[in-house]
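First the structure, in the form of structure tokens, and then the observations on it.
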Amino acid sequence: MIPLTYNVRSLLVRKTTTVATALGIGLVVFVLASAFMLGTGITKTMVGAGRGDNAIVLRKGSDTEMASSLEVKTLGLIGAAPGVKRSDAGGALLSGEVVLVIAQDKLGTDGQISNVLVRGVPETAMQVRPEVHVFAGHAPRSGTDEVIIGKGLRGKYAGMDLGGSFDLKKNRPVHVVGIFESGGSSFESEVWCDVDTARSSFGRDGLVSSVTVRLDSPTKFDAFKATMESDKRLGLEALTETGYYEKQSSGTALFIKIMGGVIVFFLSGGAMIGALITMLAAVSQRQREVGTLRALGFSRFSILTSFLLESAVLSLAGGLLGIACAFCMSFVKLSMMNFATWQEVTFSFDPNPAVLVGSLVFGGLMGILGGFYPAVRAASVSPIEAMRD
Amino acid sequence: MGLVTIAVRNIWRNKLRTALTLSAVTVLVIFFLLLRTVIWSWTASAEQASQDRIGTRHKVSFIMQLPARYVEEMRSIPGITKVAHASWFGAKDPNHTDDFFSTIAVEPKPFLEVYDEIKVPKDQVEAWAQDRQGALVGDVLAKKRGWKIGQKIVLQGTIYPGDWEFHISGIYTADSPTVDRSTLWFQYKYLDESRPPRLQDQVGWIMARIDNPGRAAEIAKAVDKKFEDRDIQTLSMSERALQASFLGMVSAILRLIDIVSIVMVLIMGLILGNTIAMGVRERTHEYGVLRAIGFLPKHIVIFILSEGLFLGMLGGVIGLAIGYPFVQKGMGPAMEENLGAFFAFFRVTPELVVISFLLAAGLGLVAAIIPARTASKLEVVSALRRVG
Amino acid sequence: MSEAEKGASKGTMISLEKVRKSFQRGREQLDVLAGLDLKIEEGSFEALMGPSGSGKSTLLNLIAGLDQPTSGKVIIGGADVGAMNEGQRANWRASNIGFVFQTYNLMPVLTAVENVELPLLLAKLPAAERRKRAEIALRAVGLEDRGGHLPSQLSGGQEQRVTIARAIVTDPKIIVADEPTGDLDRHSADEILKLLEKLNTEFGKTIVMVTHDPAAAERAKTVHRLDKGVLAN
């Protein structure tokens with residue numbers, strides 16, 4: 001086997017060409033990793049809001065909480081269904097919520113309006129969603145105009161900070177008494193207020209948008225779903241919370257992944273050709289060298305693998321740079337519209353190790369594919385070349 | 001024969017390398033066309049949205065409805081010439097539940113007066129106005145679903161549950177990029193009469209034509225002022241402002257795409273620069289001979305820059321020759337049909353064609369600058385010493 | 001009037017006086033030529049010979065105006081070439097010197113006649129005139145029927161002949177040749193040397209040739225031997 005140092009030294013000798021090609025591949029790896037980091041970041045944010053042992057009940061046919069509307073009297077029915085966990089006090093762990101999207105002036109833009117999701121919640125909400133945790137201030141008291149906001153909203157809209165206030169609608173000011181976080185999920189882009197405040201502000205008397213219940217365990221979901229959907233008159237539909245959020249985010253996440261895929265398809269095509277050009281030139285320049293190696297007794301196969309390794313080293317070097325930069329993207333936060341709910345959600349680039357490693361491998365593959373034909377050319381050089389002029 | 005013609009011929013010295021470089025440039029040019037058209041397609045709707053129409057919605061949330069009587073009241077506001085209302089319905093085709101398209105309830109004639117980019121034959125308009133369950137369907141949607149005039153279809157409501165039957169009264173088309181040709185417009189009275197009393201006499205939003213586009217912001221403010229003290233307030237803005245605010249919400253994606261465009265330009269530049277530099281290095285002795293004969297460093301620079309420029313230009317031309325039909329005739333209609341909600345109009349603008357060509361040519365030129373300077377600075381004697 | 005300038009008016013074409021050429025190699029200064037004097041008459045055919053590193057190529061470069069001496073005078077055809085800057089020397093070379101190098105003289109993408117036309121591009125002659133002169137030059141070297149061929153379609157000897165045609169197309173006074181026969185077989189080499197002789201005797205060109213080839217040296221009228229930067233005779 002030809003030692004790897006031969007390849008590394010050869011690469012270093014043609015510094016400019018090596019750097020140019022490695023950079024090209026690095027750029028593609030960067031884009032690939034970033035796109036998929038965003039895709040998984042979106043899924044993580046959206047799906048992170050859901051629990052496997054929570055179920056959400058909507059009106060049949062509605063895709064989102066916002067389009068759904070249930071009468072308050074169904075709450076009792078839902079709470080009595082099999083599988084619903086009971087709290088220590090004996091009541092059902094159930095949260096009937098009023099969900100709306102309202103227009104708010106975005107700070108730092110020229111009067112640009114953006115959509116913020118407002119969730120009117122009962123006291124049981126925090127029990128049903130224990131991952132929601134108020135870290136500054138305190139939880140709102142029921143029946144008041146106190147609200148808490150997710151940390152993703154902080155400072156983005158007028159009045160949305162601890163101690164601030166803004167209008168839910170005209171003459172309906174609310175006061176921000178707390179900020180909550182929920183492990184990076186989409187809840188962090190929501191405003192939570194008292195459910196009755198929401199009802200009366202938005203004319204939803206006697207109604208809720210959705211009902212979220214905690215089940216004894218994820219296995220109880222099927223029975224629960226069957227009960228919910230058995231009475232056709234009620235027109236209910238039940239999903240696991242994770243299932244619901246997966247549906248919500250799939251559109252956006254898929255969109256990003258497809259776009260990322262298309263982008264990488266084209267860019268990698270270009271970068272691979274770049275690697276091909278570089279390795280071809282290297283091979284033709286080193287004809288005599290290769291001829292000498294053959295004359296010395298190295299087999300065609302060892303030459304082939306040697307040049308393939310050289311391409312791999314070249315592209316992995318670029319790829320490493322690419323994922324290093326992609327990793328830096330994980331500190332960037334993106335505010336984007338969730339196409340399913342029309343609300344603006346803060347997403348981040350998830351530094352998923354699988355994505356990073358996968359992108360690096362892809363980079364290496366790019367180099368090997370691009371360098372394959374040149375490696376074959378090198379392997380077919382005969383020892384006589386060593387003696388030529 | 002001149003330096004430039006020799007430079008152009010030099011491009012074919014290493015046929016394989018040139019072919020590879022050109023194919024890389026071609027791939028990237030096609031990609032550039034695709035990318036910029038995606039952005040254009042999104043932003044065109046904002047830029048070309050009319051200034052002579054304003055939209056009025058519930059101030060608090062676009063989910064909430066306005067009282068129907070507001071429509072009449074708006075007619076009296078100075079500057080407003082025509083008014084029509086629309087209400088979002090939200091429905092799915094039970095046979096294709098994953099395919100999204102818009103369903104909106106309107107009053108046929110007032111709606112078409114305000115929204116006159118929509119082109120429908122007069123007889124179809126009449127048929128629609130006469131039929132309570134009539135629907136006007138966009139030509140892209142009709143083609144996709146195979147719907148014909150006179151056909152009866154059933155859709156499932158998402159906000160108003162149940163099965164809703166519609167009769168296809170007409171198929172519309174439009175030549176403005178702002179119009180979504182995949183929408184189903186139906187009769188407001190069909191929706192209003194079918195919903196519970198407490199939800200009746202409400203509309204989703206109100207559109208109005210104004211006499212002076214320059215006064216759009218003013219008139220919008222006047223509308224909001226009129227309803228300021230009511231229980232339900234309004235938020236009005238020109239259609240262009242509305243579209244711009246939608247774009248604002250996806251601005252992050254647009255910025256990301258811009259970054260990708262820059263990455264692409266960098267990659268193209270690296271490949272072109274690399275190829276040119278390699279060629280220059282291999283021809284050092286030749287440049288030495290030219291200098292010996294009496295050519296000056298500046299001639300060598302012109303030589304190399306011309307080569308880079310022509311390489312870029314050639315790549316640009318080939319890329320456009322393949323890319324333009326691909327995006328315009330191939331992808332365009334496919335995008336409009338399948339992703340019509342996002343890309344109502346997916347076309348390559350003439351400006352983009354020119355920009356793409358200039359980009360490729362310019363990159364070829366710029367990429368040749370450093371190799372040209374290095375070559376010209378070399379002493380004649382050193383250049384002659386290099387062999388091959 | 002210095003000796004050199006007096007010599008120039010008497011038919012001396014090339015005059016080097018106390019010429020030194022040093023190169024900087026890191027910290028060391030290498031003196032390749034150390035105070036050399038040389039006179040070459042108009043119409044001479046001189047060969048420069050010597051072992052590797054003797055400085056013969058350096059000397060040739062100075063004579064050809066390709067390089068500047070570190071000190072001393074280089075007067076060629078009455079012009080103080082040694083004192084010119086690079087731009088001036090380039091212009092001077094264009095009309096005064098014809099070049100024949102050992103290999104890779106011709107541009108592969110140009111035909112024989114186009115290669116010969118190259119120096120005329122600098123003279124800014126119209127295309128028809130350039131073509132005419134190039135063809136005349138090609139006829140002088142016996143390749144008038146090969147004008148449309150690319151260098152890849154010519155033999156080594158033919159390539160060198162085209163090179164010579166290019167060297168004379170501007171009608172320069174001096175032809176400088178650096179190992180013109182180095183890459184050729186015996187037969188082609190003889191052809192080239194015969195051609196150079198003809199240029200010298202029939203057309204009165206002054207020829208200065210660096211060579212290793214004893215046969216080439218024989219054709220020359222005078223042979224200078226260089227060793228460590230010093231002329232032997």
Side-chain angles (χ1 to χ4, degrees), chain B residues 1-19 275-276 278-304 306-308 310-311 314 373-388, chain C residues 21 23 32 57-58 60-62 64-68 85-111 113-127 130-131 134 150-152 163 166-167 169-170 172 176 178 183:
Chain B
M1 184 182 90
L3 278 180
V4 172
T5 38
I6 304 176
V8 172
R9 280 199 226 172
N10 259 331
I11 292 175
W12 299 111
R13 283 278 275 271
N14 189 330
K15 290 197 176 55
L16 183 58
R17 186 189 298 160
T18 302
T275 297
I276 294 169
M278 274 197 259
V280 166
R281 237 174 290 140
E282 287 160 9
R283 282 177 240 143
T284 311
H285 177 88
E286 219 168 278
Y287 299 137
V289 172
L290 284 175
R291 293 274 302 272
I293 297 179
F295 287 94
L296 298 166
K298 73 175 185 203
H299 293 129
I300 306 293
V301 169
I302 295 175
F303 211 47
I304 298 175
S306 309
E307 204 178 311
F310 275 97
L311 195 59
L314 197 54
R373 288 202 68 210
T374 321
S376 69
K377 285 212 169 27
L378 203 55
E379 280 180 15
V380 191
V381 182
S382 316
L384 286 171
R385 235 176 294 193
R386 309 263 184 93
V387 181
Chain C
K21 181 67 188 176
F23 294 100
V32 179
S57 290
T58 309
L60 194 70
N61 289 339
L62 289 173
L66 286 172
D67 206 352
Q68 264 178 315
N85 64 31
E86 172 53 43
Q88 293 166 326
R89 272 184 283 124
N91 287 327
W92 177 84
R93 287 195 300 268
S95 28
N96 287 284
I97 311 270
F99 286 92
V100 183
F101 297 107
Q102 183 171 349
T103 48
Y104 298 112
N105 281 291
L106 305 178
M107 301 206 70
V109 294
L110 299 179
T111 59
V113 70
E114 285 170 338
N115 265 295
V116 176
E117 276 184 44
L118 263 180
L120 298 175
L121 285 177
L122 291 162
K124 297 200 177 33
L125 289 174
R130 288 202 307 258
R131 185 52 55 111
L150 291 170
S152 53
T163 305
R166 185 188 71 196
V169 79
T170 53
V176 159
D178 194 342
D183 250 23

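Numbers restart at 1 for each chain; the letters A, B, ... are given by sequence-line order, proteins then strands. All figures in this text were calculated on a predicted structure; none of them were measured in a lab.
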* **Spacing of CG belonging to B/Leu384 relative to CG belonging to C/Asp178, to within rounding of 0.5 Å** => 8.5 Å

* Asked: Rounded to the nearest 0.5 Å, how far apart are CE of C/Met107 and CG of B/Leu290?
  -> 5.0 Å

* Looking only at non-hydrogen atoms, find the nearest pair between B/Ala292 and C/Arg93 and report the distance. => O-NE, 2.9 Å

* Asked: Hey, which of C/Leu110, C/Thr170, C/Asp67 has the most heavy atom pairs under 4.5 Å with chain B?
  -> C/Leu110

* For C/Leu121, is it the side chain, the backbone, both, or neither that has a heavy atom closer than 4.5 Å to a heavy atom of chain B? -> side chain

* Note, B/Glu286 side chain near C/Pro108 side chain (heavy atom, < 4.5 Å) -> yes

* Asked: Should we count CD of C/Gln88 as having more than 12 external heavy atoms under 6.0 Å?
  -> yes

* Asked: Hey, which of C/Leu122, C/Thr58, C/Leu66 has the most heavy atom pairs under 4.5 Å with chain B?
  -> C/Leu122

* Asked: Taking C-beta and beyond as the side chain, do B/Thr5 and C/Glu114 meet within less than 4.5 Å on heavy atoms?
  -> no

* Could you tell me which portion of C/Arg89 (side chain, backbone, both or neither) has an atom closer than 4.5 angstrom to a non-hydrogen atom of chain B? => neither

* Asked: CZ/B/Arg291 to CD/C/Glu86 distance, rounded to the nearest 0.5 angstrom?
  -> 5.0 Å

* Asked: Which one, C/Val176, C/Leu118, C/Val109, leads in non-hydrogen pairs under 4.5 Å with chain B?
  -> C/Val109

